[in-house]
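Notes to accompany the following structure.
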There are 2 protein chains.
Amino acid sequence: MKLSTKGKYGVRALFEIARQYGQGPLSIKEISERQKISLSYLEQILHRLGKAGIIESVRGPHGGYVLARRPAEVTIGDVVRALEGPIALSHCLEPGFGSECYQADDCVARMVWTKVGEKIEEALDSISFEHLLQQYHGKDRELVPGKKRAVAGKGAC
Amino acid sequence: MKLSTKGKYGVRALFEIARQYGQGPLSIKEISERQKISLSYLEQILHRLGKAGIIESVRGPHGGYVLARRPAEVTIGDVVRALEGPIALSHCLEPGFGSECYQADDCVARMVWTKVGEKIEEALDSISFEHLLQQYHGKDRELVPGKKRAVAGKGAC
DNA sequence: TAATACTTGACAAAATTAGTCAGGTTTGTT
DNA sequence: AACAAACCTGACTAATTTTGTCAAGTATTA
């Protein structure tokens, strides 16, 4: 049960865009630098978020990306679904999969994965970027000497 | 957001063992046939479930596997954790991962994945095999002519 | 006219998954 | 004691997915 980097990067990228909300677009380059995500890879990710209607692009100089809705109306679930596809724990729950399961009507497992999937969606959708911003601003932002804010390390969330 | 076949097969295999609860052990071969899972692969899966203390093995002729606890005390979460490892949506939440995240204290994403992970665990742990058995027995077991119970198909849950 | 975004597609290294195979070892029955 | 049924262990591999990189061009607007 892991998230792909696409999902994780997506949330981080969108967090930067959300921070900028109401202050004009944020360029890919800027996001790439702030979140240390490769520019080419980020392009793929933002493109998908655009197609999903979560962000909008502004072309030309000083262009970039803007949230398509208010931060309170964009959830982690939106991002995960856009980047990782529908949350179908089991193959048989994916759209387009008919009644090909050989367990036919008896499928108890199907019930399980459906129920768990619903709970996951619920959890993902209960967190909006508004929440993230609040969480972020609630923290101590002072830079105490010796307290590093961005330290090189092996990875990121 | 997918489950591996290990997790899915594990639930199906354990369901068979749970059905047999109180009636002696169920052999691998039997499970393999009932659930159409390769015997060798099933061996790996059952071994892991054994190490996790979910099932116990009975050796010798007429041996097999038995639930180590009552069906009500074995949850889907137990199985998934045993077969897919701890539910750590992000790398940085895995046991053994120190404070290597370069986002250091500022990591808002960490908060998100932690919270979502907790909800997923909650969902997985809320379903026991007792529930599955009830669900199974609650259904209509009569074999109406023309209503197949196990039909060959492209896959299973 | 330059900065920025959008589109498309090919490519590839690395990791994970899904499973196979080949031998063990242990136990209970006969 | 022998044998078969059942579990145990670990190596191996093929396929798939993930995680990116790279290139080359088009469109838009300050």
Side-chain angles (χ1 to χ4, degrees), chain A residues 1-13 17 20 24-33 35-66 68 80 83-85 88-91 94 154-156, chain B residues 1-13 16-17 20 24-33 35-52 54-66 68 80 83-85 88-91 94 154-156:
Chain A
M1 293 280 272
K2 281 240 164 37
L3 229 59
S4 74
T5 57
K6 271 211 176 71
K8 288 188 276 183
Y9 288 176
V11 167
R12 284 162 55 198
I17 298 174
Q20 191 79 6
L26 188 63
S27 74
I28 285 200
K29 205 181 155 201
E30 189 61 30
I31 301 173
S32 161
E33 282 165 2
Q35 288 286 339
K36 314 210 190 300
I37 302 171
S38 129
L39 208 131
S40 324
Y41 200 34
L42 197 51
E43 262 182 355
Q44 288 180 29
I45 293 170
L46 293 183
H47 185 237
R48 288 211 208 183
L49 293 177
K51 269 207 305 189
I54 297 172
I55 55 180
E56 275 163 8
S57 61
V58 180
R59 291 181 168 190
H62 303 109
Y65 288 95
V66 184
V80 171
L83 295 172
E84 320 226 352
L89 288 185
S90 182
H91 178 58
E94 279 173 25
K154 288 184 193 164
Chain B
M1 293 282 272
K2 281 240 163 39
L3 229 59
S4 73
T5 56
K6 272 208 174 73
K8 289 187 277 184
Y9 288 175
V11 168
R12 283 162 54 197
E16 290 297 335
I17 298 173
Q20 192 80 5
L26 188 64
S27 74
I28 285 200
K29 205 179 157 204
E30 190 61 31
I31 301 172
S32 162
E33 281 165 5
Q35 288 289 338
K36 314 211 188 299
I37 302 171
S38 131
L39 207 131
S40 326
Y41 200 33
L42 196 52
E43 266 184 352
Q44 286 180 28
I45 292 170
L46 293 183
H47 185 237
R48 287 211 208 183
L49 293 177
K51 269 207 305 187
I54 296 171
I55 55 180
E56 275 164 7
S57 61
V58 180
R59 292 180 166 192
H62 303 108
Y65 287 96
V66 183
V80 171
L83 295 172
E84 319 227 353
L89 287 186
S90 183
H91 179 57
E94 280 172 25
K154 288 184 191 163

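Sequence lines set the chain letters: A, B, ... in the order given, protein chains first and strands last, and positions in each chain run from 1.
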Query raised in the report: Side-chain N or O of S4(A) less than 4.0 angstrom from OP1 or OP2 on dT17(D)?
Result: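 No, no such contact exists.
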Query raised in the report: If you pin G60(A) and E84(B) to their nearest nucleotides in DNA chain C, which one's is more 5'?
Result: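 Whichever sits nearer the 5' end wins; that is G60(A).
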Heavy atoms only, 4.0 Å cut-off, all strands: where does [X] land among base, sugar-phosphate and nothing?
{"X": "S40(B)", "answer": "base"}
{"X": "G50(A)", "answer": "nothing"}
{"X": "I28(B)", "answer": "sugar-phosphate"}

Starting at [atom1] of [X] and ending at [atom2] of [N], how long is that distance when rounded to a whole Å?
{"X": "I45(A)", "N": "dT21(D)", "atom1": "CD1", "atom2": "C1'", "answer": "13 Å"}
{"X": "M1(B)", "N": "dT18(D)", "atom1": "CE", "atom2": "P", "answer": "13 Å"}
{"X": "I31(A)", "N": "dT4(C)", "atom1": "CD1", "atom2": "P", "answer": "13 Å"}
{"X": "L39(A)", "N": "dA3(C)", "atom1": "CG", "atom2": "C1'", "answer": "13 Å"}
{"X": "Y9(A)", "N": "dT21(D)", "atom1": "OH", "atom2": "C1'", "answer": "13 Å"}
{"X": "Q35(A)", "N": "dG20(D)", "atom1": "CD", "atom2": "P", "answer": "14 Å"}
{"X": "R48(A)", "N": "dT19(D)", "atom1": "CZ", "atom2": "P", "answer": "11 Å"}
{"X": "L83(A)", "N": "dT19(D)", "atom1": "CG", "atom2": "P", "answer": "11 Å"}

So if I take every side-chain heavy atom of [X] and compare against [options], which nucleotide ends up nearest?
{"X": "S27(A)", "options": "dA6(D), dT4(C), dG20(D)", "result": "dT4(C)"}
{"X": "S38(B)", "options": "dA18(C), dT20(C), dT18(D)", "result": "dT20(C)"}
{"X": "P61(B)", "options": "dT19(D), dG28(C), dA30(D)", "result": "dG28(C)"}

Could you tell me which non-hydrogen atom of [X] sits nearest to which non-hydrogen atom of [Y], and how far apart they are?
{"X": "L46(A)", "Y": "I31(A)", "value": "CD1-CD1, 4.1 Å"}
{"X": "V66(A)", "Y": "G24(A)", "value": "CG2-C, 4.5 Å"}
{"X": "G10(B)", "Y": "I45(B)", "value": "CA-CG2, 3.9 Å"}
{"X": "M1(B)", "Y": "L89(A)", "value": "O-CD2, 3.8 Å"}

Query raised in the report: Where each residue is assigned the nucleotide of DNA chain D containing its nearest heavy atom, which of T5(A) and K29(B) is assigned the position nearer the 5′ end?
Result: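 Nearer the 5' end of the strand: K29(B).
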Query raised in the report: For A68(B), which residues count as a side chain to side chain contact (heavy atoms under 4.5 Å, CB included) partner, sequence neighbours excluded?
Result: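 Expected list: E56(B).
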Query raised in the report: When you measure from the side chain of E84(A) to the backbone N and O of S4(A), does any donor-acceptor pair fall under 3.5 Å?
Result: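 Looks like yes, one N/O pair under 3.5 Å.
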Query - Short side-chain to backbone donor-acceptor contact, S32(B) and I37(B), under 3.5 Å - result: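 Yes, S32(B) side chain to I37(B) backbone: donor-acceptor pair under 3.5 Å.
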Tabulated below should be each protein N or O lying under 3.5 Å from an N or O of nucleotides 7-11 of chain C; please produce it.
residue : atom : partner : partner atom : Å
dT7(C)  : OP2  : H47(A)  : NE2          : 2.5

